[in-house]
There are 2 protein chains.
Amino acid sequence: MALEEIIATLRARGYRITLPRRQTLQILLRAHSHLTCEQVHQRLVAQGLDVDEATTYRTLQWLKENGIIAQTDLGLGADVYSLIDSPLHHHLVCLRCGRISEISDSLFEPIRRQVRERYHFEPRIEHWAIFGICAECQSNEKGKIEPGNHGESGE
Amino acid sequence: MALEEIIATLRARGYRITLPRRQTLQILLRAHSHLTCEQVHQRLVAQGLDVDEATTYRTLQWLKENGIIAQTDLGLGADVYSLIDSPLHHHLVCLRCGRISEISDSLFEPIRRQVRERYHFEPRIEHWAIFGICAECQSNEKGKIEPGNHGESGE
DNA sequence: CTACATGCAAATCCTTTGCATCCAC
DNA sequence: GTGGATGCAAAGGATTTGCATGTAG
């Protein structure tokens, strides 16, 4: 979906289109990846827009409520925000090394269908993180935190 | 898994078994559901154990690192902690009314398998929340936040 | 005994909020 | 003109941390 198209939709819903809102949206459209609020804010400032970070939080919240972007916890401390555009994608996050990789949305289709059919629940699975251990860390430190294994220290 | 069995495992890993640790574990074993750190702490105090909440956070962290419990964000503000015991279960959380319902782990088996096979990634899907709109809210306020629909206000 | 766990209190840090001002419509 | 959006600054609240003390092994 193009910028002006989204803008028009939001305007049609009765919202006011301000410069902070327009530019925030533009940044997310161009990003092609997820960004923290802080990162979005930094880019806004870099573009010469003297906007407050609280406003950026409010704008992101608003875009989320309007189904334009998704909010995700990737274990980075701060949540990330990303455009909901097709094709959807999700992430694998390694609990050991922190590496984040991308996975296809197709894996989630079965679970979406079953949740709809069996529970009559409409799932919003737009940008997810699956935590676990990546291939590399599996070979490096086999099942270090597996229950039943023998670890060594509290940290 | 029984209390003493878990204790023995942890002791074998070289950890010290203190009263706060033993009783925290006991509370989680008896709970048969998820609890926030605050709730765990309250129960510890109610049992007459004058433990600090910071210690409770540390204990929960430790149990998590040792694969005994899972930590989940159910959208309640604070994360919840629950024993990893079979059969696993997960939750549907309604974004409208907040209702939380339980779903079977079997829905997740396909995605676990595919993540393992296709990405050689070992997923830790122990206690998840799927956010979305429950059946009741769907009929009450059809697709209020669907992209493409016409909502009304910022709040 | 000695290192690890705890108590206490303060700090962190993401996120939200109150209120006066401003501006999109 | 008017109500919604923003700036500013401060609060909020879950979680973490530093350090002295206590205690499990």
Side-chain angles (χ1 to χ4, degrees), chain A residues 4 7-25 34-42 44-45 47-66 68-69 71-81 150-155, chain B residues 4 7-25 34-42 44-45 47-66 68-81 151-155:
Chain A
E4 292 308 328
I7 294 286
T9 303
L10 291 168
R11 201 195 304 269
R13 290 183 196 177
Y15 297 108
R16 297 186 181 174
I17 306 307
T18 62
L19 208 49
R21 288 181 165 183
R22 180 184 290 276
Q23 294 206 21
T24 298
L25 199 38
H34 45 258
L35 298 171
T36 62
C37 179
E38 187 189 10
Q39 290 173 321
V40 172
H41 178 244
Q42 283 171 349
L44 287 168
V45 172
Q47 290 181 10
L49 184 61
D50 185 25
V51 68
D52 197 78
E53 192 164 352
T55 299
T56 309
Y57 270 106
R58 281 189 277 228
T59 303
L60 292 170
Q61 183 70 27
W62 169 74
L63 288 172
K64 181 189 166 195
E65 285 168 2
N66 279 277
I68 312 293
I69 65 175
Q71 178 179 5
T72 314
D73 174 15
L74 293 180
L76 300 174
D79 282 357
V80 296
Y81 301 84
H150 294 252
E152 42 283 301
S153 96
E155 232 299 322
Chain B
E4 292 308 328
I7 294 286
T9 303
L10 291 168
R11 201 194 304 272
R13 291 183 195 175
Y15 297 108
R16 295 185 183 175
I17 307 307
T18 62
L19 209 48
R21 288 181 165 184
R22 180 184 289 275
Q23 295 205 24
T24 298
L25 199 39
H34 45 258
L35 299 171
T36 62
C37 179
E38 186 190 12
Q39 289 172 322
V40 172
H41 179 244
Q42 282 171 350
L44 287 168
V45 171
Q47 291 182 9
L49 184 62
D50 185 25
V51 68
D52 196 79
E53 193 163 352
T55 299
T56 309
Y57 270 106
R58 282 189 276 229
T59 303
L60 292 170
Q61 182 72 28
W62 170 72
L63 289 171
K64 181 189 167 195
E65 285 167 2
N66 278 278
I68 312 293
I69 65 175
Q71 179 178 3
T72 314
D73 173 16
L74 293 180
L76 299 175
D79 282 357
V80 296
Y81 301 84
E152 42 282 302
S153 97
E155 233 299 322

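Values in this document were obtained by computation on a predicted structure and should not be read as measured data. The chains referred to below are lettered A, B, ... by the order of the sequence lines, with proteins before strands, and numbering in each begins at 1.
Taking atom CG on B:L49 and atom P on C:dG7, their separation rounds to 7 Å, with Å as the unit. Rounded to whole angstrom, the span from the CD atom of A:E53 across to the P atom of D:dA11 amounts to 18 Å. Look at NE2 on A:H41: it is 14 Å from C1' on C:dT15, rounded to the nearest Å. When the C1' atom of D:dT6 is taken as reference, atom CG of A:L44 falls 13 Å away, rounded to whole Å. The interatomic distance linking B:D52 (CG) with D:dC19 (P) rounds to 18 Å, in whole Å. With rounding to whole Å, A:R13 atom CZ is found 24 Å from D:dG3 atom P. Taking atom CD of residue A:Q42 and atom P of nucleotide C:dC14, one finds them 11 Å apart after rounding to whole Å. Atom-to-atom, CG of B:L35 to C1' of D:dA14 comes out at 16 Å; the value is rounded to the nearest Å.
Legend: residues meeting side-chain contact (heavy atoms from CB on, under 4.5 Å) with B:Q61, ordered by chain and number and at least two apart, are B:E65.
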Atom pairs, protein N/O to nucleotides 23-25 of chain D N/O, distance under 3.5 Å:
residue: D:dA24; atom: N3; partner: B:R16; partner atom: NH1; Å: 3.3
residue: D:dG25; atom: OP1; partner: B:R11; partner atom: NH1; Å: 2.7
residue: D:dG25; atom: OP1; partner: B:I17; partner atom: N; Å: 3.1

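Pairs of Watson-Crick or G-U wobble type, with distances under 3.5 Å, assemble into runs of 3 or more in DNA chain C at these ranges: C:1-25 with D:1-25.
Residue A:R58 has its side chain nearest to D:dT6 when only C:dC14, C:dG7, D:dT6 are considered.
Among the atoms of the strands shown, only primed sugar atoms or phosphate atoms (P, OP1, OP2) are found under 4.0 Å from some heavy atom of A:R21.
Across the interface with DNA chain C, nearest-nucleotide mapping of A:Q61 and B:T59 shows B:T59 to be the residue nearer the 5′ end. Each of B:A54 and B:P20 was assigned the nucleotide of DNA chain C with the nearest heavy atom; the assignment lying further toward the 5' end belongs to B:P20.
Contact check, B:Y57 against D:dT15: a side-chain N or O comes under 4.0 Å of OP1 or OP2.
In terms of heavy-atom proximity, A:W62 sits nearest to A:L10 at CH2-CD1, 3.4 Å.
At least one donor-acceptor pair under 3.5 Å links the side chain of A:R21 to the backbone N or O of A:R16.
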